[in-house]
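Before any comments, here is the structure.
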Number of protein chains: 2
Amino acid sequence: MADVADRAGVSRALVSIVFRNQPGASRETRERVLRVADEIGYRPDSAARLLARGRSRTLGVMFTVHQTFHTDLIEGIYPEAERLGYDVLLSAAAQGRSEEKAVEALLGHRCEALILLGPDAEPAYLDELGRRAVTVSVSRRVPRARVDFVHSAESKGVRQAMDHLVELGHRGIVHIDGGRGPGSAERRRSYRAAMRRHGLEAEIRVIPGEHTEQSGIETGRLLLAERERGLPLPTAVLAGNDRCAMGVLMALTRGGVEVPRDVSVVGFDDSHLSHLMPIGLTTVRQDARLMAEYAVRFAVERLEEPQLEPREAVLDPKLVVRGTSGPPPAGDGPLVR
Amino acid sequence: MADVADRAGVSRALVSIVFRNQPGASRETRERVLRVADEIGYRPDSAARLLARGRSRTLGVMFTVHQTFHTDLIEGIYPEAERLGYDVLLSAAAQGRSEEKAVEALLGHRCEALILLGPDAEPAYLDELGRRAVTVSVSRRVPRARVDFVHSAESKGVRQAMDHLVELGHRGIVHIDGGRGPGSAERRRSYRAAMRRHGLEAEIRVIPGEHTEQSGIETGRLLLAERERGLPLPTAVLAGNDRCAMGVLMALTRGGVEVPRDVSVVGFDDSHLSHLMPIGLTTVRQDARLMAEYAVRFAVERLEEPQLEPREAVLDPKLVVRGTSGPPPAGDGPLVR
DNA sequence: GCGCTCTACTAGCGCGCTCTAGTTCGAGTA
DNA sequence: TACTCGAACTAGAGCGCGCTAGTAGAGCGC
């Protein structure tokens, strides 16, 4: 910076003004400074800048690698952050790299706010984070913690999916839940409520699972094994999310079960995975872009008005009917309603 | 920091020593300092630290959101970087966020080295980057640019895939290429060479495409449309990568073509997508973990010995036969060899 | 001529840390 | 006793910026 100032024949302060695009420099000086800077390859050092001004204007985003819905969210976070003049730093949780580690990395790099995509940490830890920095949790509700919250009205999504299946004539609808996964508890509750509402209380069955393909595969195998032992297959499966639905599909198809002829499968998320299935996955669509925008806005607004209380945004999901749902096999014909 | 020093009854320098875990402080002082720091919630400011020591020990990773193979790579980058004592910052290219922007963000955050996953930028730009910071390109060869390079021996992978198909009896094998995508040029060349080697020169057909599901879907539709017009379907498709293969699969299956009975499909990457297909995708496996390790090591070694010349690592890929490849339909029986 | 304002610019402190070149002190050594 | 030495600790410069409080000088009205 001093070099630039010398060569341009001005003071360092002036160079600073030019680079911050602030008033106080004439047009020609501005141009001269920029030209000189370009010549000697000067770029402002963000560490020093950050140190000097005390603010980083950086949002830290924690996500889980391989969680496809997260990449959909990330794609929405960037433009909104840029619009509001904030930088984005990404940190992934992965195998061998815990969420805490990922978050510490963000904090260490001076992120002013944290946007956590489907965090799986203890509420106590999240609350602590929320007190240390502005924190937004996406998809995972954190009761009584000082964090903003953006999620879908899971119950509405599940209800739509269940109504769709019941209308097609399904009765034996099982739910693979997402364990501790974000939104799982509510989805599970809503599944039970829907079954009761449709008079299918006796058919309720929740199979423990998680939000991974592997979990779907295991459940698929479990169902096939049950069939071996003479038990009937369910006619429809409501999976915890799209990844799990994909796993079920794979396992069932490999086992000679045809979807949707023999079994219907419905996912949740409408991550871009859903389009890829040869027959298209019927799923509950969450609007990733909108969720991302809310998350960024919540974070930024609370950064700029610290007295603001954390808020909650609940977005309406929408069932998207594609190829994996259809009427149940003959003998389980449509309900007469 | 001064607060901690005061309360612990030592100098700031001592606090610094303790936090850097350096010799020069007694056991009890160390404990006392850490305890006090914990009490008042002190955490070292990385911006200042960075500024003071002049080095960030941070690797910047640019990847493309939705490129599933990249997330496989990222998962491998973290542990290796941690092992070598480096931090990792992620920056995604996405729709509306160019690679250049993603890279500038990393540079702005003082990354010492760049690891670019399948960059799509001009060689001239990459060379410029290579001169500005230690740069490693993964998957994309950049001739004559000052960057390290980690990739697979594409030709070996393609050759294995082609041998496999030919042995099954296929003759009408088309290749959907990856356009400007990483590795595409070499895969295309190798496809042509393999066809010639097997005496199938007359059957050579390269369909332009890219490394996305959409491209696969379009190609699948194109093939179906040709069949409508009375042209024969190819008996096998070698896709540019797994995503493209998924797209082809989807389009063909929707069009009533059964895989692998009517057409065999082979992908490239073995990203975790490949396992998800109901019947498992036959594909050429690239070892993401190993590639990630090489990339990190190249970067770190050149940071620590700047006189080192950029290097190249070529890893052997391996065909993984799963469910999407099989003998061609009757009439195209196995070759007598 | 004077004071006033406005634009263009500058001096220099401080952000929170690291690091070099010390000092202090007690134990070991000749 | 006088010294050396190492462990434990400290003073203070400096990293590259932003920012506040200022100055210089041009233009203007009276």
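In this text, all values refer to a predicted model and were calculated from it rather than measured experimentally. Chain letters run A, B, ... following the sequence lines, proteins first and then strands; every chain starts at 1.
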If we count only N and O atoms by modelled type, under 3.5 Å, do the side chains of [X] and [Y] hold a donor and an acceptor together?
X         : Y         : answer
Gln286(B) : His151(B) : no
Asp269(B) : His211(B) : no
Arg97(A)  : Ser91(A)  : yes
Thr29(A)  : Ser26(A)  : yes
Arg12(B)  : Ser16(B)  : no

At 4.0 Å (heavy atoms only), tell me whether Pro44(A) reaches a base, stays on the sugar-phosphate, or touches nothing. sugar-phosphate
Base, sugar-phosphate alone, or nothing: which one does Gly54(B) contact when heavy atoms must sit under 4.0 Å apart?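 Nothing, no heavy atom under 4.0 Å.
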Could you say whether Arg49(A) or Ala25(B) is positioned toward the 5' end of DNA chain D, judged by the nucleotide with the nearest heavy atom to each? Ala25(B)
Closest-nucleotide ordering on DNA chain D, the 5'-leading residue of Ala47(A) and Arg32(B):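 Nearest nucleotide further toward 5': that of Arg32(B).
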Checking base pairs now: Watson-Crick or wobble, both atom distances under 3.5 Å. What partners dC30(D)? dG1(C)
Pairing check on dC9(D): which nucleotide meets the Watson-Crick or G-U wobble criteria with it, both distances under 3.5 Å? dG22(C)
In this structure, how many angstroms lie between the [atom2] atom of [N] and the [atom1] atom of [X], rounded?
X        : N       : atom1 : atom2 : answer
Arg43(A) : dG16(D) : CZ    : P     : 15 Å
Ile17(B) : dA7(D)  : CD1   : C1'   : 11 Å
Arg20(A) : dG18(D) : CZ    : P     : 5 Å
Asp3(A)  : dG16(D) : CG    : P     : 10 Å
Phe19(B) : dC9(D)  : CZ    : C1'   : 17 Å
Met1(B)  : dG16(C) : CE    : C1'   : 8 Å
Leu51(A) : dC15(D) : CG    : C1'   : 9 Å
Arg30(B) : dA7(D)  : CZ    : P     : 13 Å

Return the OG1 to CD distance between Thr64(A) and Glu75(B), rounded to the nearest 0.5 Å. 10.5 Å
Could you please name the option among [options] that lies closest to any side-chain atom of [X]?
X        : options                   : value
Ala52(A) : dG16(D), dC9(D), dT18(C)  : dG16(D)
Arg53(A) : dG16(D), dC19(D), dC17(C) : dC19(D)
Ala13(B) : dT10(C), dC19(C), dC17(D) : dC19(C)

Does a side-chain N or O from [X] land closer than 4.0 Å to OP1 or OP2 of [N], or not?
X        : N       : answer
Thr29(B) : dC9(D)  : yes
Ser26(B) : dA7(D)  : no
Arg12(A) : dC17(D) : no
Ser11(A) : dC9(C)  : no

